[in-house]
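The block underneath contains the structure these notes are about, expressed in structure tokens.
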Amino acid sequence: MSINIQHRSANHLVVFDFETTGLSPDMGDRAIEIGAVLIEDGKITDRFQQVMNPGIRIPLFIENLTGITNAMVKDARKNDFVMGDFYEFIAGHNLVAHNASFDERFLRAEFRRIKKYFSGGIVCSLLAARRIFQAAPNHQLVTLASYKNLPNDGVYHRALADAEVTAHLWLSMLDELHHQHGQPSPNFDFMFRLTKTPKHQLHKLYQKQTGKEFV
DNA sequence: TGCCAGGCCCTCTTTAGGGCCTT
């Protein structure tokens, strides 16, 4: 299994978010909605959103949390077809998600069912935000949206709405790195390295990128 | 009906524990 960041554009990426029946695909949980936005050169240029029928019952807790009900997915397309479309949507792009370890587990589990494999890079906006916005009260998506006054329609726990807010968070972090930390052209590759760098070594990463003393 | 996981990160750490995040 190799990660193919170098073969993908550093300035084109897809921000995605799943709503699911629970926390663990290994325990039988399934995706019930996928939402995503395409960012090209700092602008949202395309969107993807579909509710899907997972073939298992959605717990009441999840119905209340997301507003996605068993009745809503009853006549929706099944996961295999929706995930096939999503595979085409993300083709050739790197990915971003908030708390990406969660969404990546579901992405790989759903793709495995249709014999697909994603070989690009995935960056976690939560890990990036913990490094870039260290003074935030916490790093939940809703808190960061308020903290940075990000555009949002007040809807949370729906896939496209969360992906949109995460996309604005991503652009806000690139702006912060450029203007506050002097990074010349922060992009996916830099953010990937940022999230892999221990917090106490961040100053070395910043220095390496700019050649200047980090303040 | 109600429950489930896992990676990161900090610290009173590394022979560990617990909070933060995601649904």
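All values derive from a computational prediction rather than experimental measurement. All heavy atoms count here, side chains included; hydrogens, waters and symmetry mates do not. In the text below, chain A, chain B and the rest are named by the order of the sequence lines, each starting its count at 1.
- Looking only at distances, no side-chain donor or acceptor of A:Asp103 sits under 3.5 Å from a matching main-chain atom of A:Asp17.
- B:dC4 and B:dT22 are spaced 14 Å apart, taking the C1' atom of each and rounding to whole Å.
- Here the P atom of nucleotide B:dT22 and the CD1 atom of A:Ile62 are 13 Å apart, to the nearest Å.
- Side chains of A:Thr21 and A:Asp29: a donor-acceptor N/O pair is present below 3.5 angstrom, by distance only.
- Atoms CZ (A:Phe16) and P (B:dT23) sit 12 Å apart, rounded to a whole Å.
- Residues satisfying the salt bridge (charged side-chain N to carboxylate O under 4.0 Å, His left out) criterion with A:Asp80, sequence neighbours excluded, are absent altogether.
- In this structure, A:Asp103 reaches neither bases nor backbone, as no heavy-atom distance under 4.0 Å exists between it and the strands shown.
- Taking atom P on both B:dC8 and B:dC12, the two are 22 Å apart, rounded to the nearest angstrom.
- Counting all heavy atoms, side chain and backbone alike, A:Gly121 lies closest to A:Asn94 at N-OD1, 2.9 Å.
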Dump every N/O contact between nucleotides 3-9 of chain B and the protein below 3.5 Å, one line per pair.
unit_1 : atom_1 : unit_2   : atom_2 : d
B:dC9  : OP1    : A:Arg131 : NH1    : 2.6
B:dC9  : OP1    : A:Arg131 : NH2    : 2.5

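- The aromatic rings of A:Phe106 and A:Phe102 lie tilted to each other, with the angle between the two planes from 30° to 60°.
- Between A:Phe190 and A:Tyr206, the ring-plane angle classifies as parallel under the 30° and 60° cut-offs.
- If you take atom C1' in B:dG2 and the same atom in B:dG7, they sit 25 Å apart, rounded to whole Å.
- Within 4.0 Å (heavy atoms only), A:Asn64 reaches no atom of the nucleic acid at all.
- Clustering ILVMFWY residues whenever any of their side-chain heavy atoms sit less than 4.5 angstrom apart, transitively, puts A:Leu160 in a cluster other than the one holding A:Val73.
- A cation-pi arrangement is present between A:Lys196 and A:Phe192, with the terminal nitrogen or guanidinium carbon under 6.0 Å from the aromatic centre and inside a 45° cone about the axis.
- No cation-pi contact links A:Lys116 to A:Phe111, judged by a cut-off of 6.0 Å to the six-membered ring centre and 45° from its axis.
- Contact annotation: the side chain of A:His178 never approaches that of A:Gln183 to less than 4.5 Å [non-hydrogen atoms, C-beta and beyond].
- Partners of A:Glu88 by side chain to side chain contact (heavy atoms under 4.5 Å, CB included), not counting sequence neighbours: none found.
- If you take atom C1' in B:dC3 and the same atom in B:dT23, they sit 14 Å apart, rounded to whole Å.
- With rounding to the nearest 0.5 angstrom, the CZ atom of A:Phe18 is 10.0 Å from the CZ atom of A:Arg30.
- Contacts with DNA chain B (heavy atom under 4.0 Å) in residues 31-39 of chain A: none are found.
- Note that CG of A:Leu205 is 10.0 Å distant from CZ of A:Arg131, once rounded to the nearest 0.5 Å.
- When heavy atoms are screened at a 4.0 angstrom cut-off, A:Phe18 is found touching the sugar-phosphate backbone but no base atom.
- Taking atom P in both B:dT15 and B:dC20, one finds a spacing of 26 Å when rounded to whole Å.
- For DNA chain B, the residues of residues 136-152 of chain A within the heavy-atom distance limit of 4.0 Å (strictly under) are A:Asn138, A:His139, A:Gln140, A:Leu141, sorted by number.
- Atom CZ of residue A:Phe188 and atom NE2 of residue A:His12 lie 13.5 Å apart, to the nearest 0.5 angstrom.
- Residues from residues 108-115 of chain A that place a heavy atom under 4.0 Å from any atom of DNA chain B: there are none.
- Between the NE2 atom of A:His98 and the C1' atom of B:dT23 there is a distance of 13 Å, rounded to whole Å.
- Atoms CE (A:Met52) and C1' (B:dT23) sit 13 Å apart, rounded to a whole Å.
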